[in-house]
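One structure is given below, encoded as structure tokens.
Here the structure is a predicted model, which means the values were calculated and not measured.
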Amino acid sequence: MAGVGAVTPLRSVRNGFARDSGYRVLVDEEAVADPVAADRGHKQATWDDPRTPWAGKPRRIDVLCWLGIVLSGVFYWAVLPFRASLVGTHPVALELLNGSTEAVVAGAAFARVGHGSLVVVVLAGIFGLVKFDPLFWWAGRLWGERVIVLLGGRRNRGAKYMGHVHRWGRKFTWPAMIIAPFLPIPSAIIYVVVGWAGMRLITFIILDIIGELLWVGMLAALGYQLGHHAVVVAQAISHYGLWISIGLVVLIVFFQIRSQRHLLRTASQARAASEAGTASEAGAAKDEAKDEARDEDGAPAA
């Protein structure tokens with residue numbers, strides 16, 4: 001992994017870092033000297049949206065990465081109605097689709113009673129869990145702090161992990177990748193942080209596989225130990241799979257709507273604060289112009 005100190009200077013506003021006061025002063029000075037640049041900066045600002053991980057107009061690579069993340073979410077939703085029915089009939093297939101905990105446990109339990117191989121169960125679970133992870137590593141490389149803040153949620157956990165990266169570097173990112181499946185937070189936050197920190201893709205994939213191997217191995221051992229009892233439970237879940245799926249969809253839709261409302265409210269407040277700041281600056285500039293006019297003409301400007 002490249003050192004954090006080597007990566008941070010390479011990051012720019014286009015790559016997702018917030019625009020600081022020094023940047024704003026520089027842009028204002030350039031705007032006075034170059035009206036065309038000022039107009040271009042105004043057009044760029046119209047693309048800014050706190051709900052998107054990029055700043056300004058998105059590039060093609062931004063759109064591709066974001067589209068991949070969105071499609072992974074759509075895939076999760078498409079599989080959701082089938083989870084309950086597949087867990088007691090085709091657990092290995094369910095592992096390949098989403099690597100869910102219940103699929104790994106059920107698959108190992110079926111292997112215990114002679115239906116399937118434990119090795120296949122473990123490999124299928126690893127694939128199901130890691131297949132979309134590089135997208136979040138890529139997002140961290142592209143957009144840096146901005147996407148980390150978006151994924152960090154209300155608790156802003158991403159900022160805390162960025163602080164750990166600055167202090168410890170690899171001593172934090174490497175172990176964090178391995179224990180990510182065991183942490184009570186979305187693993188995507190860890191993945192974007194290590195992408196932002198400069199971890200190489202091959203290193204990311206190797207550590208991701210190691211971490212998921214430990215997680216899947218633990219679940220498979222549990223399912224293998226439960227054996228017939230877990231099979232009975234899985235089959236009962238599949239029997240009532242339709243109603244369980246409907247309940248899951250309703251709950252997830254409810255929480256997604258609530259999360260989106262919070263995001264929209266936060267974005268609206270941020271936009272209002274930005275507009276208020278712009279209006280205040282414009283008023284201050286107008287007052288300054290009037291003061292200069294008084295000094296030059298000896299009378300208030302009209």
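When all heavy atoms of Pro91 and Gly107 are compared, the closest pair comes out as CB-N, 3.6 Å. Closest non-hydrogen pair, Ile69 versus Ala139, comes out as CD1-CB, 3.9 Å. The two residues Ala220 and Ala108 have their closest heavy-atom pair at O-CB, 3.1 Å. Between Leu135 and Gly68, the shortest heavy-atom distance links the atoms CD1-O, 3.4 Å.
Within the 4.5 Å cutoff, no side-chain heavy atoms of Val92 are placed close to those of Phe110. When side chains are defined from C-beta on, Val194 does not count as touching Trp174, because their heavy atoms never get closer than 4.5 Å. By the 4.5 Å heavy-atom criterion applied to side chains, Leu142 and Arg59 are counted as neighbours. Taking 4.5 Å as the limit, some side-chain heavy atom of Leu86 sits within range of a side-chain heavy atom of Leu97. Under the 4.5 Å side-chain criterion, counting only non-hydrogen atoms from C-beta, Glu145 is in contact with Trp196. A 4.5 Å side-chain heavy-atom check between Trp66 and Pro58 finds every atom pair outside the cut-off. Residues Lys57 and Asp62 fail the side-chain proximity criterion, which asks for heavy atoms closer than 4.5 Å. Side-chain contact between Arg83 and Ser100 is present, with heavy atoms from C-beta onward closer than 4.5 Å.
A distance below 6.0 Å separates the ring centres of Phe132 and Phe75.
Distance NZ/Lys131 to CD1/Ile126: 12.5 Å, rounded to 0.5 Å. A distance of 7.5 Å separates OG1 of Thr173 from CZ of Arg170, quoted to the nearest 0.5 Å. Separating the NE2 atom in His90 from the CD atom in Glu95 is a distance of 13.5 Å, to the nearest 0.5 Å. Thr203 contributes atom OG1, which lies 9.5 Å from atom CH2 of Trp137 (distance to the nearest 0.5 angstrom). Expressed to the nearest 0.5 Å, how far CD1 of Ile210 lies from CG of Leu214 amounts to 8.0 Å. Between the OG atom of Ser117 and the CG atom of Leu123 there is a distance of 8.0 Å, given to the nearest 0.5 Å.
The closest donor-acceptor contact from the side chain of Lys171 to the backbone of Trp168 lies at 3.5 Å or more, if one exists at all. Side-chain atoms of Arg141 come within 3.5 Å of backbone N or O of Gly198 as a donor-acceptor pair.
Hydrophobic clustering (side-chain heavy atoms under 4.5 Å, transitive across Ile, Leu, Val, Met, Phe, Trp, Tyr) groups Met199 together with Ile205. Linking Ile, Leu, Val, Met, Phe, Trp and Tyr whenever their side-chain heavy atoms come within less than 4.5 Å puts Leu201 and Leu129 in one cluster. Residues Val130 and Leu96 fall into different hydrophobic clusters, defined by Ile, Leu, Val, Met, Phe, Trp and Tyr side chains chained together at heavy-atom separations under 4.5 Å. Residues Trp215 and Ile209 share a hydrophobic cluster, clusters being chains of Ile/Leu/Val/Met/Phe/Trp/Tyr side chains in contact below 4.5 Å. Cluster membership for Trp54 and Ile61, using ILVMFWY side-chain heavy atoms within less than 4.5 angstrom, is shared.
Residue pairs meeting the salt bridge (Lys or Arg N to Asp or Glu O under 4.0 Å) criterion with at least one member in residues 177-190: none, sequence neighbours excluded.
Members clustered with Leu118: Tyr224, by chain and number, using a 4.5 Å side-chain heavy-atom cutoff among hydrophobic residues.
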All N/O donor-acceptor pairs, side-chain side in residues 175-193, below 3.5 Å, sequence neighbours left out:
from, atom 1, to, atom 2, distance (Å)
Ser187, OG, Ala180, O, 3.4
Tyr191, OH, Asp208, OD1, 3.3

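Under the rule for a ring pair (Phe, Tyr, Trp, His ring centres under 6.0 Å), Phe136 has no partner lying at least two apart in sequence or in another chain. In this view, Arg60 satisfies the side-chain hydrogen bond (donor to acceptor under 3.5 Å, both in side chains) rule with no residue, not counting sequence neighbours. For Phe127, the ring pair (Phe, Tyr, Trp, His ring centres under 6.0 Å) test picks out no residue, with sequence neighbours left out.
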